[in-house]
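Chain letters run A, B, ... following the sequence lines, proteins first and then strands; every chain starts at 1.
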Amino acid sequence: MRSVMFRFHVCAGEIFELKAELNSDKKEKKKEAVKKVIASMTVGKDVSALFPDVVNCMQTDNLELKKLVYLYLMNYAKSQPDMAIMAVNTFVKDCEDPNPLIRALAVRTMGCIRVDKITEYLCEPLRKCLKDEDPYVRKTAAVCVAKLHDINAQLVEDQGFLDTLKDLISDSNPMVVANAVAALSEIAESHPNSNLLDLNPQSINKLLTALNECTEWGQIFILDCLANYTPRDDRESQSICERVTPRLSHANSAVVLSAVKVLMKFMEMLPKDLDYYGTLLKKLAPPLVTLLSAEPELQYVALRNINLIVQKRPEILKHEMKVFFVKYNDPIYVKLEKLDIMIRLASQANIAQVLAELKEYATEVDVDFVRKAVRAIGRCAIKVEQSAERCVSTLLDLIQTKVNYVVQEAIVVIKDIFRKYPNKYESVIATLCENLDSLDEPEARAAMIWIVGEYAERIDNADELLESFLEGFHDESTQVQLQLLTAIVKLFLKKPTETQELVQQVLSLATQDSDNPDLRDRGYIYWRLLSTDPVAAKEVVLAEKPLISEETDLIEPTLLEELICHIGTLASVYHKPPSAFVEGSRGVMHKRLPAQGTECPDVGNAAGGSAPEAAPSIIPSQGDLLGDLLNLDLAPPTTAGPTPSTSGMQMGGMDLLGGGLDSLVWLPAMKAKGLEISGTFARRAGVIQMELVLTNKAMSVMTDFAIQFNRNSFGLAPAGPLQVLTPLGPNQTIEVSLPLSTVGPVMKMDPLNNLQVAVKNNIDVFYFSCQYPISMLFVEDGKMERQVFLATWKDIPNDNESQFQIQDCHLNSASNKLQGSNIFTIAKRTVEGQDMLYMSIKLSNGIWVLAELKVQAGNPNYTVSSGTRRDR
Amino acid sequence: MIGGLFIYNHKGEVLISRVYRDDIGRNAVDAFRVNVIHARQQVRSPVTNIARTSFFHVKRSNIWLAVVTKQNVNAAMVFEFLYKMCDVMASYFGKISEENIKNNFVLIYELLDEILDFGYPQNSETGSLKTFITQQGIKGQTKEEQSQITSQVTGQIGWRREGIKYRRNELFLDVLESVNLLMSPQGQVLSAHVSGRVVMKSYLSGMPECKFGMNDKIIIDKAGKGGVTNEAGKSTSGKQSIAIDDCTFNQCVRLSKFDSERSISFIPPDGEYELMRYRTTKDIILPFRVIPLVREVGRTKLEVKVVIKSNFKPSLLAQKIEVRIPTPLNTSGVQVICMKGKAKYKASENAIVWKIKRMAGMKESQISAEIELLPTNDKKKWARPPISMNFEVPFAPSGLKVRYLKVFESKLNYSDHDVIKWVRYIGRSGIYETRC
């Protein structure tokens, strides 16, 4: 301990000496002393006691000395705020210096001193420097705004620095532009909803111009900023892509990767049949390959990104398998990543080459690498069916090498191959059994036991083999114990005569002598099954197993999309969203790829087309919400076929009124690691219910379910927790109904009735979105008084009204059915042979919708005019 | 952005520590030392996350450079920056060693202050940095000089300062290629590619505008189509064009111009720099072919015969030829006979190393060896690593030819003809292996 203490505390004598030197008259001596102080500071010694003496040296025309003193100030100002004030005058004076280097230095350093009193004094000089005639000072001042924002965001806003910074985007000097972009991007990150960068075609054009002229680093800032922009249409997207592609030939890999990010993102918007789309795909491959000739650390970053790109767009690199072949002296982290990509690119066309390579790798030195190579061979077998046979024989060759970890790894993957291609390669079992004794890892032992149990009828001495494991039953890991229990039960069901003793032995070991509840439970289940109904036991235990899927390690699509938006950054290296490793508000913003064909179908035009007399598209004055409600939900059906009465009001194929709605699959099992969610919505006794059907299609038990909604148009939110109390076992299904309230946070969605839902379980969090029938939101007290109705109807301005045609309807039960859905008929009258129905609806958020239904006798087409009003 | 930069010696002692962001505490310095430098196992990744703080590191000899951050930074940029930082330091004080860093720590702090601001990389071109960051201190700058410095640092041509003068305008072009090959025992090419670099040393006055031309297939084809008859005639008669898979350029090259016209134009930095890198995979001239023949005679003897054939013009000479033939681990003795050069069995490297100083084109040479083996019960078969080769040839295996490098300097009184130009081609072996 003593020695450590000594290191960090400069002894008093030394401080005293330095003090004397700092106050010396000789310039050289002063400078040497400051250097000594900085040296002590670097190694972590506390030299803050010298603060006043060092600050005294600040008033100098020697730039080098000045820089040293500034460095000291940046380190210690925070611990000595009162004394730091002494430096302010010099800073302010330096900001007026005729030498631009000194002006910039002063403003740069001041921004690094996080003392409130100093920041107060910083504002005026900073304002001047932002408008300095010298670009060097301006580019430094631009970054300084970001610094100041980090210390005191309010101050920056109050002083109007953000506007000045925005102006700098149009600066004539490219480096000033680049730094302004960097600063604005950073500030914008902490205000996710502000439109700070205000990217529009004009500003994008400015950025693209600066891109050609600024330093390599500036190009990165600009490209990273561009990647946050969403082009208006595919034409704009293409023109940006065209101007970004030259960057792919830059010597700086970071510029290349950032350009790839922009292209990957904007490509989403291009129609696939466009010639340019194909050209772009072709242009992306060579630069990605070139990244692999960079230094190893960069290769690693590039490979992690290529891994994502290959998952998103496999076509880009499908012909480039060879460049991912591992070189003998690649660092291990490069080797492992290359291997991953090789498997992803493996296909029928190149499998022979891949296998030959993998076989080479399996003889290398690094244990992790060899294991991964062996596993990769197994994955190839599962992925490319035609190669399975060759893979199996390669694995057998490897088992012959008798290298312990190779054998174990091979057995684990062969088990998976058996699961994928049952009853095909059992001939190899004999070879596997020979290696039984050398297995010492639980995973390999469990795999081997599984194989023996599964194919017990073909292994003559299966009972002996399993018995040999039984001896040390209690020393085995749980994984092996469970597997052994199941294997012996399987064996018993297949060869009941000679193995009765064995099965009794294992059952008693599992149930009586074990502390492990899982094992005990499984033991008892088997025991009871076997003792009550052996036929049922056979059906249960020897049931046909589902085949395993080929790509188990793919990144979940929504995460993949987010990561594509983060190409080049740490997120893409970790394969995790920034929120997983960044603290605070930064990076919480989820980025998403733009969707292709963003133009919304124009409802107004459609209405005009099918029914010329209907009102053209209405632009409501009461806010977009109402307009959308009408446009979306009452859009006339364009199908000509007969539709049942009122449900003729269709909405994306869904019944508007929600009656008899089939439940839809919202979240397929493939996307959610085996959890499938389907469901519908209903309104019962005034309560909105979300009826969910959860099905576990994975192999393991799911627990800890929870649900959350994103903000939505009508503030829907779960009124209680998701009631899944029992764990959901494999292939089990549970129906839950979740009461919803309408008091949650509101945000307009597109389409209006879209609901984004997150469901969590013990495995992961899954996201999906669904649409609810709007009728669910019609409340029970939506029946308006006649008088009120009349008054309101007149009250509603014309441009709040819209008309639609509903074809092929029959009045018979319309009114009743409508009432069942809380659409109330207020009055009915007959005018000129037409039946007029007046109806009112009230939405959960207090919006009234009044409707007039015009029915012509003998004509099954209805005309609906409706108006809306917000209830106060 | 970058939160801080630390430099450590091999023991993990901090030589330089510069923190740019408030979220990085002093403990970050120790966290990296404990978890990476002093880690028991080999480092498995150049990026490490320790307690929500990310560390990027590169190693130069026994010096560790680490960047630390808590944000989602551009990882590729961080590494590019670290390499650049190494280049800048090397050009200031030579090799990056503990001693040099300790002796120049004031300079390094000054550099770090200039090229990183709040964690954002700024101008990092040594050419311009050296104009105002000097160890002598800048004295007596006139106002013009100062504004010249700042306009250069922030300007479009940050890599070259104005007012450079040479009595003799001269430039050297080196086309350096490394040819990589993996061949099957039957002589089938499994993979082959050339990665090349064009390195330029320019000693030119003023701000010269340069244009570089090579026998790139796309350009030659374009010129041919363009209807310039004599040009087209030339390209078919003698010069062959090559297909370049991909190339990257120094930041001085105007990329948009390359993209649209495929012409390489630039204002070069002063002194030595890398103009471009490229990669080709088609029609590579493989300077040597290795024909292996391995025969196992019983369990204790191997007979190896290797023939190498040189495959280029007889007038050219290859140099520094070295063939490395791996031998099994249980080798007890080796007898070698070779027609040319010297061959030796190196037990420590488990290989026979055959060296030939020079060899002309279209020749062949042979080595035969008898390897005696100790009998072992090791069931594991010998994996037969590939035979590798090293050499140097005075031509470009990709077939790349420099067609011209034109220099224009309108303000000074020298023309393209006055510039003395030198071109040199060197082809070296990269990973050049033949399986046996």
Side-chain angles (χ1 to χ4, degrees), chain A residues 35 42-43 62-64 67 71 99-101 108 114 134-136 139-140 143 146-147 173-175 182 212-213 215-217 220 224 245-247 249-254 257 286-287 289-290 293 295 297-298 300-301 322 327 332-333 363 401-402 568-571 573 578 581-583 586-587, chain B residues 1 14-17 22 26 42 44-47 49 52 54 58 70-77 79-80 83 105-106 109-110 113 117-118 120-123 132 137-138 143 146-147 149-151 153-154 156 158 191 195 245-251 255-256 258-259 277 279 379-380 383 431:
Chain A
K35 276 189 189 177
T42 298
V43 294
N62 183 321
L63 199 58
E64 196 188 1
K67 282 183 181 173
L71 190 63
N99 185 343
L101 291 173
R108 186 164 69 211
R114 305 175 67 91
D134 195 293
Y136 183 78
K139 72 111 183 157
T140 312
V143 176
K147 291 179 189 169
N173 184 295
M175 195 160 176
N212 287 326
E213 294 165 349
T215 65
E216 45 193 328
W217 314 116
I220 299 169
D224 284 352
T245 33
R247 299 297 120 198
S249 310
H250 203 284
N252 186 318
S253 309
L257 267 178
V289 173
T290 300
S293 46
E295 289 86 344
E297 291 88 2
L298 265 176
Y300 173 73
V301 174
K322 278 185 184 172
K327 291 188 190 128
I332 182 68
Y333 49 80
T363 57
T401 63
K402 304 277 176 197
T569 67
L570 260 182
V573 174
F581 59 92
V582 176
E583 278 166 13
R586 284 179 211 278
Chain B
M1 274 307 115
V14 195
L15 304 177
I16 297 285
S17 121
D22 200 39
R26 183 86 203 168
Q42 187 197 355
R44 288 267 152 176
S45 159
V47 185
N49 193 311
R52 287 193 155 228
S54 299
V58 299
K70 284 206 164 182
Q71 298 170 26
N72 183 28
V73 295
N74 188 322
M77 184 189 81
F79 282 121
E80 283 284 2
Y83 302 143
F105 83 94
V106 174
Y109 276 124
E110 209 174 319
D113 197 40
D117 190 5
F118 201 40
Y120 289 105
Q122 305 291 307
N123 191 316
F132 67 107
I138 19 171
K143 207 165 175 200
Q146 285 163 5
S147 70
I149 289 170
T150 56
S151 76
V153 174
T154 58
Q156 295 179 22
S191 75
S195 55
D245 286 25
D246 187 37
C247 43
T248 60
F249 296 99
N250 184 284
Q251 63 165 322
L255 292 179
S256 38
F258 178 75
D259 195 58
R277 276 174 187 246
R279 196 161 47 78
K379 281 182 201 151
K380 199 183 162 187
I431 295 165

What part of [X] lies closer than 4.5 angstrom to a heavy atom of chain A: side chain, backbone, both or neither?
X      : value
B/R44  : both
B/S195 : neither
B/F105 : side chain
B/D113 : both
B/I431 : side chain
B/F249 : both

Heavy-atom pairs under 4.5 Å with chain B, option from [options] with the top count:
options                : result
A/K35, A/R108, A/R247  : A/R108
A/E216, A/K327, A/K322 : A/E216
A/V573, A/I332, A/N212 : A/I332
A/K147, A/E213, A/K67  : A/K147

Looking at [atom1] of [X] and [atom2] of [Y], how far apart are the two atoms once the value is rounded to the nearest 0.5 Å?
X      : Y      : atom1 : atom2 : value
A/T42  : B/L15  : OG1   : CG    : 9.0 Å
A/E297 : B/E80  : CD    : CD    : 11.0 Å
B/D117 : A/T140 : CG    : OG1   : 6.0 Å
A/I220 : B/N74  : CD1   : CG    : 5.5 Å
A/W217 : B/M77  : CH2   : CE    : 7.0 Å
B/Y83  : A/E295 : OH    : CD    : 4.5 Å

Ring pair (Phe, Tyr, Trp, His ring centres under 6.0 Å) against B/Y109, all qualifying residues, sequence neighbours excluded
none
Residue set satisfying ring pair (Phe, Tyr, Trp, His ring centres under 6.0 Å) with A/Y333, at least two apart, ordered chain then number -> A/Y300
Is A/N252 close to chain B through its backbone or its side chain, or both, or neither, when contacts mean heavy atoms under 4.5 Å?
both
When the 4.5 angstrom heavy-atom criterion is applied to A/L298 and chain B, the contacting part is both
Provide the closest heavy-atom pair for [X] versus [Y] in the form atom of the first, atom of the second, distance.
X      : Y      : answer
A/P246 : B/L255 : O-CD1, 3.6 Å
A/P578 : B/N72  : CG-ND2, 3.5 Å
B/R52  : A/V582 : NH1-O, 3.3 Å
A/V301 : B/A76  : CG1-N, 4.0 Å

Donor-acceptor pair, B/R279 side chain versus A/P286 backbone, under 3.5 Å?
yes
I need the residue from B/C247, B/S256, B/P46 with the largest number of non-hydrogen atom pairs under 4.5 Å to chain A.
B/P46
Based on non-hydrogen pairs under 4.5 Å, which of B/D245, B/V58, B/D22 is most in contact with chain A?
B/D22
Checking side-chain hydrogen bond (donor to acceptor under 3.5 Å, both in side chains) for the pair A/T215/B/N123: CA distance, chi angles, key distance, verdict?
CA-CA 7 Å; A/T215 65; B/N123 191 316; over 6 Å; no
Given the rule in the side-chain contact (heavy atoms from CB on, under 4.5 Å) test, do A/T290 and B/T248 qualify, once you have shown the distances and angles that lead to the verdict?
CA-CA 8 Å; A/T290 300; B/T248 60; 3.9 Å; yes
